[in-house]
Amino acid sequence: MFLDEVGGTSGPLLGLLFTEIARALESGADAAAWAEGAAAGLAAIQRVGEAKVGDRTLVDALAPAVDALRAGGDEGFAAAARAAAEGAARTSELRARMGRASYVGDRVKGRPDPGAVGVALLFWALATAADPAADVPTPVPSP
């Protein structure tokens, strides 16, 4: 349903991510399963959309979050949330090379990519649900 109901390019791409995460979580909902699912989702998104880090897409937030989850540790979810937020923030300085934002050129500079912010919010929600006391700032840019 998510693949069909959410508009724009992000809908189907996030649908791929959620499908892969759900598949991985069938074996358990620990950080390792989340890392496996997020990594598979990233691979699927990159296979379909051909985006890479630096293209100013949701991949700029997802790839560092996956790396942080894979590194594990006691703060795996919080580290992933921070990494995703940092990746999303960095997109504000990038020129879009993929997706719809690529049509508007430099006019989007100074604002983070919406898809990247959405991914950062996903990992923020995961981290705060896993540990309500986790030190993870909300990845929503100030107006």
Side-chain angles (χ1 to χ4, degrees), residues 1-26 29-73 75-143:
M1 175 186 259
F2 196 90
L3 287 164
D4 298 324
E5 298 297 323
V6 174
T9 307
S10 295
L13 296 178
L14 290 173
L16 288 171
L17 175 62
F18 294 146
T19 298
E20 294 299 334
I21 289 172
R23 186 173 294 138
L25 294 180
E26 289 175 356
D30 61 2
W34 274 93
E36 176 187 333
L42 173 62
I45 288 168
Q46 289 185 301
R47 183 178 63 252
V48 170
E50 300 179 358
K52 58 189 177 304
V53 172
D55 284 339
R56 196 181 196 280
T57 69
L58 61 85
V59 169
D60 288 289
L62 183 55
V66 167
D67 290 343
L69 274 176
R70 284 180 165 164
E75 284 199 349
F77 291 132
R82 287 190 294 273
E86 291 166 8
R90 280 191 298 272
T91 64
S92 66
E93 300 306 316
L94 298 174
R95 188 170 210 281
R97 293 186 289 218
M98 303 290 289
R100 291 185 180 171
S102 66
Y103 303 125
V104 295
D106 289 335
R107 288 181 286 175
V108 295
K109 281 196 173 178
R111 304 238 186 245
D113 178 73
V117 172
V119 167
L121 283 169
L122 168 68
F123 282 95
W124 172 83
L126 175 61
T128 56
D131 179 5
D135 181 25
V136 287
T138 305
V140 177
S142 301

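Atom CD of Q46 and atom CG of L13 lie 10.5 Å apart (nearest 0.5 Å). In this structure, the separation between CH2 on W34 and CD1 on I21 is 5.0 Å, given to the nearest 0.5 Å. In this structure, E36 CD and D30 CG are separated by 9.5 Å, a value rounded to the nearest 0.5 Å. Atoms CG and CG, on D55 and L94 in that order, are 8.5 Å from each other to the nearest 0.5 Å. Here the CG-CZ distance, from D135 to R82, works out to 6.0 Å after rounding to the nearest 0.5 Å. Distance CD/E20 to CG/L25: 11.0 Å, rounded to 0.5 Å.
Residues T91 and A116 share a closest heavy-atom pair of CG2-CB, 4.1 Å. Across every non-hydrogen atom of A61 and A120, the tightest pair is CB-N, 4.4 Å. The two residues A39 and R70 have their closest heavy-atom pair at CB-NH2, 3.0 Å. Heavy-atom minimum distance, P64 versus G87: CG-CA, 4.4 Å. When all heavy atoms of P139 and V117 are compared, the pair lying nearest together is O-CG1, 3.7 Å. Closest of all the heavy-atom pairs between A33 and A24 is O-CB, 3.3 Å.
Side-chain N or O atoms of D60 include none that pairs as donor or acceptor with a backbone N or O of V53 at under 3.5 Å.
Within the 4.5 Å cutoff, side-chain heavy atoms of V59 are placed close to those of L42. Counting only heavy atoms from C-beta outward, the side chains of V136 and F123 never approach each other to under 4.5 Å.
The one candidate from D67, I45, T57 that meets the side-chain contact (heavy atoms from CB on, under 4.5 Å) condition with L62 is I45.
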Criterion side-chain contact (heavy atoms from CB on, under 4.5 Å) on L14 and L122, from CA distance to verdict: CA-CA 10 Å; L14 290 173; L122 168 68; 5.8 Å; no
